[in-house]
Number of protein chains: 2
Amino acid sequence: MTWQIHRGDALAVLPTIPNGSVDLVLADPPYNSGGRTAGERVGSTARDKYVSTDAGHTLADFAGDNRDQRSYTYWLSLILSECLRIARPGASCLVFCDWRQAPATSDALQVAGWTWRGIIPWRKPISRPQRDGFKRECEYVLWASHGTPVRHETPIYLPGLVEGSQPRGAARVHITQKPVGILRQLIRVCPAGGTVLDPFAGSGSAGVAAIEGGRSYIGIENTAHYAEVARGRLAQAAKETSA
Amino acid sequence: MTWQIHRGDALAVLPTIPNGSVDLVLADPPYNSGGRTAGERVGSTARDKYVSTDAGHTLADFAGDNRDQRSYTYWLSLILSECLRIARPGASCLVFCDWRQAPATSDALQVAGWTWRGIIPWRKPISRPQRDGFKRECEYVLWASHGTPVRHETPIYLPGLVEGSQPRGAARVHITQKPVGILRQLIRVCPAGGTVLDPFAGSGSAGVAAIEGGRSYIGIENTAHYAEVARGRLAQAAKETSA
DNA sequence: CCTCTCGATGAATCCATCT
DNA sequence: AAGATGGATTCATCGAGAG
């Protein structure tokens, strides 16, 4: 099992990756939602939108979260269409999104040529209640495939919903960090020994899950700080797994 | 608390209901999805599409499940826009859909003038597993409001996800029947003593939940058989509640 | 009345075969 | 070649009935 992190913009790096070389695309793009108004969406940084003013932590900011919804859909379809080229026939694609971007994300997937196959809610048990309304307790993972999904040698049956809270305290190194436990469950859709492509690697949680699960990993991350963080976590995970 | 069932097509009956007279629209439209091919989606009956070939029951079919997706979106937006007229400012709207129709349903809501406010997954513990893929374990409830949602006198905090199995055995009277327990939770978004409008009443489960929860209920159902079933269940629920 | 076992079921879907 | 048809499948859950 090998791993690599490319430092650069996904749209610039993806074209350098050869055709039909990965078995799962796992994308956690910047959501470009969260602001209550169009002005708030384009004006503020990701930190201002996603981190409550009373939150104590001081996590690094990330760029690329300032698109309006139409541009978001177009941009994401460009990314996903490059990913389709890189994916083997039968490969799966999993894209994280929040409730607001779910329709745009399903559009982008299908525009890019992927076959949409389902929605897997990610339930976050620790979430803020909302007065006089329904709690925003879930994010969503859209599942798609490149044609007919591959048949696994030993059949697998995956859950229809995943649960797990975001890492807290020292374990949390990125604002929108996903729990490794969630990613471990999702990565099982990639045949054992296969390769996972992650165009928005962030702090590398998907890579950690991939390596622990015996898959190779190709990550792309634009922010130099997070690319470094991811390399550190991946080296550590690779060492622990081989041990 | 009062209740009534109108027998007729929703698009014909809704215009007879006065402006600003309901506090919650709870809609469970025919999904117009499923089926194995495009032809079958619009050609076969709801039973053929949604009932497993190994199912033992012999429940009645229902009509209105033969639209392609474009027509579905348009038709639903007409329904929802009449519902917006009938809803008081601050009222909520809850619409059931499956994963395939979620984007079209959010479009229809917003085209009709509702403000989309969230997605509440409904998790069904009894669901068929799927080989080499993620189980289709959830349906979805889209939540929207007519402007700013009303402020409840005593604050309520609603779940971000609801769980419950379809009724089984003798309790099951409709192919796509919703559990009363689920509806009871959803109906809490309607202020106590308010009125619930249900344009696709089916066997009347939402009405039962409304009456049990101390809300008035206006249901519309096109299939004569189910309108009668709903009347029976509602009369029963009203008797038990007043007792 | 509680616990346990047994059997039935699912707002399907996949796949090979046929038209 | 594309679409239609028919049969096989899977397991967590729940109800019924037994102990």
Side-chain angles (χ1 to χ4, degrees), chain A residues 90 92 115-120 143-145 147-152 154-163 185 188-189, chain B residues 26-69 72 76 94-102 104-105 120-142 162-183 200-203 205-206 223 226:
Chain A
S92 278
T115 304
W116 185 25
R117 305 200 81 86
I119 303 178
I120 306 131
W143 171 39
S145 67
T148 305
V150 280
R151 199 175 172 84
H152 290 234
T154 53
I156 54 163
Y157 293 88
L158 299 169
L161 180 144
V162 292
E163 295 191 60
Q185 293 182 67
R188 294 183 55 212
V189 79
Chain B
L26 181 47
D28 182 16
Y31 290 176
N32 286 275
S33 67
R36 286 168 296 186
T37 62
E40 223 174 59
R41 265 193 293 281
V42 298
S44 40
T45 67
R47 250 196 79 91
D48 290 344
K49 288 192 288 187
Y50 302 135
V51 178
S52 311
T53 48
D54 56 356
H57 64 74
T58 52
L59 297 171
D61 209 343
F62 60 85
D65 205 72
N66 305 311
R67 295 173 183 90
D68 70 19
Q69 197 172 48
Y72 177 74
L76 190 56
L94 298 170
V95 187
F96 280 88
C97 59
D98 72 353
W99 63 274
R100 248 177 298 225
Q101 298 292 28
T105 306
I120 306 131
W122 164 32
R123 182 185 200 179
K124 299 178 290 183
I126 307 181
S127 45
R128 248 186 165 86
Q130 201 195 335
R131 187 181 165 161
D132 296 335
F134 298 91
K135 195 154 51 157
R136 252 72 71 137
E137 193 173 358
C138 294
E139 288 179 36
Y140 299 90
V141 183
L142 301 199
V162 291
E163 294 189 60
S165 296
Q166 264 198 317
R168 318 179 79 181
R172 181 149 180 236
V173 292
H174 193 284
I175 309 179
T176 68
Q177 189 171 341
K178 304 292 174 285
V180 173
I182 297 295
L183 297 160
F200 308 98
S203 56
S205 304
T223 308
Y226 286 123

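Order of the sequence lines fixes the chain letters, A, B, ..., with proteins taken first and strands second; residue numbering starts at 1 for each chain.
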Could you verify whether a donor N or O on one side chain and an acceptor N or O on the other, from T154(A) and H152(A), lie under 3.5 Å apart? no
What parts of residues 125-138 of chain B reach DNA chain D, counting only heavy atoms under 4.0 Å away? P125(B), I126(B), R128(B), P129(B)
Please give the stem ranges for DNA chain C, sorted by first residue number, where a stem is three or more consecutive Watson-Crick or G-U pairs and both donor-acceptor distances are under 3.5 Å. C:2-10 with D:11-19, C:12-19 with D:2-9
On DNA chain C, check which nucleotide each of S33(B) and P149(A) is closest to and give me the residue with the more 5' one. S33(B)
Counting any heavy atom closer than 4.0 Å, what does [X] reach on the DNA or RNA strands: base, sugar-phosphate only, or nothing?
{"X": "R100(B)", "value": "sugar-phosphate"}
{"X": "D48(B)", "value": "nothing"}
{"X": "Y157(A)", "value": "sugar-phosphate"}
{"X": "S52(B)", "value": "base"}
{"X": "R117(A)", "value": "sugar-phosphate"}
{"X": "P159(A)", "value": "nothing"}
{"X": "P30(B)", "value": "base"}

What protein N or O atoms touch nucleotides 16-19 of chain C N or O atoms at under 3.5 angstrom, if any, and at what distances?
none

For E163(B), the salt bridge (charged side-chain N to carboxylate O under 4.0 Å, His left out) test, sequence neighbours excluded, returns R123(A), R123(B)
Holding to salt bridge (charged side-chain N to carboxylate O under 4.0 Å, His left out), I want the full list of residues that pass it with K135(B), two or more places apart in sequence or in another chain. none
All pairs passing ring-ring contact (aromatic ring centres under 6.0 Å, His included) where residues 29-60 of chain B contributes a residue, at least two apart: none
Does the ring center of W116(A) lie less than 6.0 Å from the ring center of W99(B)? yes
Would you say a side-chain N or O of H57(B) is under 4.0 Å from OP1 or OP2 of dG10(C)? yes
